[in-house]
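I have placed the structure first, in the form of structure tokens, so that the comments after it can refer back to it.
These values consider heavy atoms only, across backbone and side chains, with no hydrogens, waters or symmetry-generated copies. This is a predicted model, so every value here is computed, not measured. First the proteins, then the strands, lettered A, B, ... as listed; each starts at 1.
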Amino acid sequence: MDIPEKYEAEDTELRWRDAWAGQDLYTWDPTRSREETFVIDTPPPTVSGSLHLGHIFSYSHQDFVARYQRMRGKNIFFPIGWDDNGLPTERRVQNLLNVRCEPGVPYDPNLKVERVDGKPKDPPRAISRKNFVELCDIVVKDDEKIFKSLWTRMGMSYDWAQEYATINAHCRRISQLSFLDLLEKNEVYQDERPVLWDVDFKTAVAQAELTDKERPSAYHHLNFRVDGTDTNLVVATTRPELLPACVAVVVHPDDERYRAYVGKRAVTPLFHVPVPIYADTKADPEKGTGVVMVCTFGDQTDVEWWTQFKLPLRQVLDRAGCLRPVTFGQPGWESTKPTDANAIYAQLQGKYSKQAQKTIVEIAEATPGVIAAPKKDIVHAVKFFEKGDRPLELIPARQWYTRLLDKKDALIEQGRKIGWHPDYMRKRYEHWVEGLNQDWCLSRQRYFGVPIPVWYAIDANGETLYDQRIVPTREQLPVDPLADAPAGFREDQRGKPNGFTGDPDVFDTWATSSLTPQIASGWVDDPERHKKLFPMDIRPQAHEIIRTWAFYTIVKAYLHEREIPWKNIILSGWILDPERKKMSKSQGNVVTPEPLITQFGADAVRYWAGRARLGVDTALDEQVFKVGKRLCTKLFNASKFVIERFTGLDPAALTPDQITCESDRAAIAQLRPLIRRAADAFDEFDYAQALQLTEEFFWATFCDNYIELAKPRTYDEGLTEGKLSAAATLRLLHRALVRMFAPFLPFLAEEIWHWAYAADPDMHASVHRSPWPTLDEFAAIPEPKSPRTWPLTLLVAEAVRKAKADANLSIKAPVKRVVVVCNPQDAAALDHAVLDITRMLSINVLDLNETEGTAEPTATVELA
RNA sequence: GGGCAGUUAGCUCAGUUGGUUAGAGCGUCUGGUUUACACCCAGAAGGUCACAGGUUCGAGCCCUGUACUGCCCACCA
């Protein structure tokens with residue numbers, strides 16, 4: 001193969017990308033044993049949106065490990081999936097096609113919609129869930145193509161035969177199988193109770209999807225008359241709009257101020273609703289006025305008191321977060337002055353809670369005797385759905401749950417069986433499990449997701465019987481209960497008395513994502529394959545989703561098989577912008593990878609990723625790409641030298657026994673520990689350490705010193721012993737280094753490999769299937785007579801270089817004399833390399849002045 | 001409020017179980033047409049290892065405390 005004059009990353013990378021596409025270098029071999037196989041639980045990226053530099057970063061880390069393990073001879077299972085199921089896709093489809101999902105609408109097999117550019121003229125078209133899901137499928141397919149092309153460009157060594165998407169039939173089936181299995185095991189259950197609710201998406205969410213946001217708020221001080229007295233209890237509340245939902249008042253049992261009122265009733269202002277006064281230690285005397293109003297529902301404590309005191313439900317918020325119609329004076333809505341209450345409520349009804357709050361405060365301020373004290377502004381943390389824009393509410397709803405609270409200890413124990421890299425990430429997992437306070441809410445009131453595979457019977461009166469569930473058989477899955485009729489029923493019985501109805505909900509996307517190991521392995525559908533792939537070797541992922549993806553995956557593996565899902569989990573850090581801020585779309589500081597790849601090359605971008613250790617957040621520094629590109633250029637040029645210098649010399653004629661020079665043996669002795677240390681680092685998933693060691697050796701030991709030392713001999717006339725020894729050594733060192741760089745710089749390494757080594761009988765045609773260097777390859781080469789030869793050579797070289805630099809002379813300028821003062825052992829060691837040293841540094845005379853004692857050797861330089 | 005990390009040269013980061021004078025790259029400065037490479041080579045300057053105590057013959061590393069930064073969790077009347 002011809003070696004180009006100059007290194008052109010784009011040319012090299014395009015060529016190999018195309019060449020690899022036609023080969024099956026990365027194909028998993030199902031016939032090989034589990035022990036020989038290395039299985040990666042690749043994160044499926046969310047396809048709606050674009051990949052940013054952070055993805056390139058962490059996905060490169062996975063590929064380093066995969067490529068290393070492959071070179072160690074492992075049969076790599078490295079699948080890639082697309083996480084297309086879920087809210088982000090729904091939003092994209094709604095905007096792109098101007099449609100909205102309306103579950104009651106019948107399926108239209110001939111539905112045609114067009115993409116809209118800019119703001120749509122018409123209101124969104126209501127379509128069936130099945131149509132909506134089909135449109136989502138079409139849209140994500142396009143994104144997946146773009147993602148695939150970027151991964152290919154980055155040289156990711158996926159086995160594309162294992163490609164999947166989390167919404168495809170296989171994933172829906174596995175996800176539904178999981179649910180049915182847990183239903184049989186009584187690990188999932190349905191319950192109607194207050195649930196964390198997002199009023200914009202109109203769906204329940206789980207504890208793991210919460211995030212706190214600081215919001216300005218205020219304590220409003222309201223007078224509650226104690227029934228039958230002239231005394232007022234002052235309630236401090238941040239949610240005055242929930243006053244109509246008030247069902248009780250609570251004080252601390254030891255609070256002297258209020259002890260006398262416990263057991264009496266208080267009357268809410270404005271609505272005149274008598275409510276009981278309870279004592280409970282959860283009421284904090286220090287907070288507000290020490291008097292808490294219990295509403296259905298303002299916060300989690302309200303739910304607890306509501307349950308504890310068996311309080312009535314006065315639900316005022318509807319699922320959109322608006323105040324729904326209620327009538328005081330009706331059963332459950334007692335009021336001593338219902339007419340007044342209804343007049344006030346009429347002004348709130350239909351408003352979002354925030355507007356209702358404003359209104360009720362105005363009314364309270366205008367009504368004498370209601371406000372006890374001026375409001376007090378505060379800032380406090382409020383719970384949000386992580387993807388939501390408005391605070392969560394607690395709204396009673398029927399939902400499916402997975403039992404978690406009864407197995408916290410077991411889940412912590414499972415976590416301890418897994419290797420966490422870095423290890424301290426294990427603590428994050430354990431703290432999360434310890435802090436769990438709810439079972440996992442599985443159901444979402446959304447559309448583009450995996451349907452919950454359950455139908456319910458409808459009785460003769462048209463009432464849905466939630467405890468009379470109809471579940472499909474395993475063979476039927478995947479099913480859509482809104483489109484498919486259960487066995488024994490006809491479609492026209494849907495929604496009719498004595499008929500059936502389908503569960504309208506879909507699963508939390510994590511319910512499916514948590515099954516990536518089972519999705520990839522085939523699980524119960526292919527037990528043989530499952531056995532060969534599960535538990536997996538590594539799960540690579542980001543640390544902020546330990547509480548979701550890692551946690552839920554551990555939960556599923558435990559509930560289904562009492563197993564851990566993988567032996568190790570490796571956690572990449574984040575890419576921060578140069579100001580150390582996390583990259584995010586909302587911050588507007590996201591860097592797209594394509595221009596960087598074009599400018600520096602995929603190998604250089606991978607190099608940048610390889611410099612960051614696991615778990616460490618790294619500030620983006622464009623200089624590092626430059627360094628990566630420089631490394632590629634250097635590797636290209638050094639390789640060109642090593643190979644072209646000996647054009648015409650048959651590589652097969654170069655054998656280990658020709659390596660006779662002490663300098664050469666000394667250089668090889670430097671490589672041995674490098675190979676071991678880099679492999680050790682890689683075995684611990686510390687690719688960054690492996691890269692650093694390799695790079696350091698390559699640049700300093702190999703290029704700056706060894707090549708320069710050996711170079712004069714390579715110009716010998718004829719095939720001298722020294723020249724052959726140098727040729728064999730250069731080739732051997734170089735062949736090892738190219739392989740050690742291969743996981744990081746796969747394109748360039750492959751290119752160089754094909755210049756020189758692809759035809760090697762004990763290697764593979766591709767560097768990526770060639771063995772990682774082992775000490776065995778160098779076993780036939782004797783150790784140098786002294787381990788001091790190499791360091792002493794460097795000592796002389798450094799002294800001479802410094803002398804020349806100090807004198808502003810060219811490095812080629814001749815040196816009259818160098819006197820080395822050292823002990824006899826060192827003198828003997830150095831003596832082996834005298835010829836190479838003098839030739840490299842143009843030294844006329846090198847005197848070795850032996851002195852007894854252990855004093856450090858010194859070199860004195862006398863310039864010409 | 002609880003927890004987990006981190007704080008080392010102007011910048012980005014290494015620093016293995018405590019062991020001479022603390023490292024690299026980038027940047028800066030000085031020199032060098034050297035037949036692989038000027039996307040290069042050589043050299044130099046640059047650090048009270050956040051701070052304060054302690055253990056030790058010896059601490060960047062171990063212990064205690066403090067400050068700051070980031071993340072996770074809790075609180076939400």
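Donor-acceptor pairing under 3.5 Å, judged by distance alone, is absent between the side chain of Lys629(A) and the base of C39(B).
Here G31(B) is the nucleotide among C41(B), A44(B), G31(B) with the atom lying nearest to any side-chain atom of Asn808(A). Closest to the side chain of Asn637(A), from the set G43(B), C37(B), C39(B), is C37(B). Of the candidates C4(B), G43(B), C75(B), the closest approach to any side-chain atom of Lys427(A) belongs to C4(B). Of the candidates A42(B), U35(B), C75(B), the closest approach to any side-chain atom of Asp704(A) belongs to A42(B). Here C41(B) is the nucleotide among A44(B), A42(B), C41(B) with the atom lying nearest to any side-chain atom of Lys634(A). Which of A44(B), U34(B), A14(B) sits closest to the side chain of Ile811(A) comes down to U34(B). When the nucleotides C4(B), G15(B), G32(B) are ranked by their closest atom to the side chain of Arg613(A), G15(B) comes out on top. Of all nucleotides listed (U16(B), A74(B), C39(B)), U16(B) comes nearest to the side chain of Arg677(A). Looking at the side chain of Glu798(A), the nearest of the listed nucleotides G43(B), C73(B), U12(B) is G43(B).
Across G6(B) and U17(B), the matching P atoms stand 14 Å from one another, rounded to whole Å. Taking atom P on both G23(B) and U16(B), the two are 14 Å apart, rounded to the nearest angstrom. Taking atom C1' on both G27(B) and A45(B), the two are 13 Å apart, rounded to the nearest angstrom. A distance of about 32 Å separates the C1' atoms of U20(B) and U66(B), rounded to the whole Å. When the C1' atom is used for both C11(B) and C73(B), the distance is 34 Å, rounded to whole Å. Comparing C49(B) with A24(B), their C1' atoms are spaced 16 Å from each other, to the whole Å. On the C1' atoms, A59(B) is 14 Å away from G53(B), given to the nearest whole Å.
The residue Ala236(A) sits close only to the backbone: its heavy atoms come under 4.0 Å of sugar-phosphate atoms, none of a base. Looking at heavy-atom distances under 4.0 Å, Arg547(A) makes contact with sugar-phosphate atoms alone, never a base. Looking at heavy-atom distances under 4.0 Å, Lys383(A) makes contact with a base. Contact annotation for Thr289(A): no contact, since no heavy-atom pair falls under 4.0 Å across all strands. Residue Tyr7(A) is out of contact with every strand shown, counting any heavy-atom pair closer than 4.0 Å. Trp305(A) comes within contact range of no nucleotide atom at all, as no heavy-atom separation falls under 4.0 Å. As judged by a 4.0 angstrom heavy-atom cut-off over every strand, Ala813(A) is placed among residues making no nucleic acid contact. Contact annotation for Glu5(A): no contact, since no heavy-atom pair falls under 4.0 Å across all strands. Within 4.0 Å (heavy atoms only), Cys703(A) reaches at least one base atom of the nucleic acid.
The distance between the ring centers of Phe551(A) and Trp510(A) does not fall below 6.0 angstrom. Between Tyr278(A) and Phe309(A), the ring centre distance stays below 6.0 Å. Taking the six-membered ring for Trp, Tyr258(A) and His252(A) have ring centres at least 6.0 Å apart. A distance of 6.0 Å or more separates the ring centres of Phe697(A) and Phe702(A). Annotation: Tyr687(A) is not in aromatic contact with Phe682(A) [ring centroid separation under 6.0 Å not met].
One atom, CG of Asp686(A), and another, P of C13(B), lie 16 Å apart when rounded to the nearest Å. Between the OH atom of Tyr687(A) and the P atom of C13(B) there is a distance of 13 Å, rounded to whole Å. Atom CD of Glu286(A) and atom C1' of G1(B) are 15 Å apart (whole Å). Remark: C1' of C41(B) and CG of Leu841(A) are 13 Å apart, rounded to the nearest angstrom. Per the geometry, CD belonging to Glu386(A) stands 13 Å off C1' belonging to C72(B), to the nearest Å. In this entry the distance linking CD1 of Ile546(A) with C1' of C72(B) reads 9 Å, nearest Å. One interatomic measurement links the two molecules: NZ of Lys812(A) to C1' of G31(B), which rounds to 18 Å at whole-angstrom precision. Note: CD (Gln689(A)) to C1' (G15(B)) measures 10 Å, nearest angstrom.
Legend: residues meeting salt bridge (Lys or Arg N to Asp or Glu O under 4.0 Å) with Asp704(A), ordered by chain and number and at least two apart, are absent. Taking Arg630(A) as the reference, nothing meets the salt bridge (Lys or Arg N to Asp or Glu O under 4.0 Å) condition, with sequence neighbours excluded. Scored by the side-chain contact (heavy atoms from CB on, under 4.5 Å) test, Lys282(A) finds Asp280(A), Thr301(A), Glu304(A), Trp305(A), Gln308(A) as partners (sequence neighbours excluded).
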Can you name the atoms? Protein N/O to nucleotides 68-71 of chain B N/O, anything below 3.5 Å, with the distance.
| unit_1 | atom_1 | unit_2 | atom_2 | d |
| --- | --- | --- | --- | --- |
| C71(B) | O2' | Arg428(A) | NH1 | 3.4 |

Contact list (N/O, under 3.5 angstrom) for nucleotides 21-28 of chain B vs protein:
| unit_1 | atom_1 | unit_2 | atom_2 | d |
| --- | --- | --- | --- | --- |
| C26(B) | O2' | Gln623(A) | OE1 | 3.2 |

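A cation-pi arrangement is not found for Lys376(A) relative to Tyr219(A), the charged atom failing to lie both closer than 6.0 Å to the ring centre and inside a 45° cone about the ring normal. Under a cutoff of 6.0 Å and an axis angle of 45°, Lys629(A) and Tyr7(A) do not form a cation-pi pair.
In this structure, the separation between CG on Leu631(A) and CZ on Phe636(A) is 13.5 Å, given to the nearest 0.5 Å.
With the nearest nucleotide of RNA chain B identified for both Val235(A) and Lys711(A), Lys711(A) has the one nearer the 5' end. Heavy-atom distances to RNA chain B give each of Asn705(A) and Leu210(A) a nearest nucleotide, and the one nearer the 5′ end belongs to Asn705(A).
Side chain of Arg314(A) to backbone of Cys246(A): a donor-acceptor contact under 3.5 angstrom is found. Proximity of a side-chain donor or acceptor of Ser58(A) to a complementary backbone N or O of Gly54(A) within less than 3.5 Å is detected.
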* Once Watson-Crick and G-U wobble pairs under 3.5 Å are found, how is RNA chain B written in dot-bracket notation, 5' to 3', with | for any base paired to another strand? -> (((((((..((((.....[...)))).(((((.......))))).....(((((..]....))))))))))))....
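Heavy-atom neighbours of Lys427(A) NZ from other residues, nucleotides or ligands within 6.0 Å: at or below the threshold of 12.
Among the candidates Trp440(A), Trp432(A), Tyr429(A), the single residue satisfying the ring pair (Phe, Tyr, Trp, His ring centres under 6.0 Å) test with Tyr552(A) is Trp440(A).
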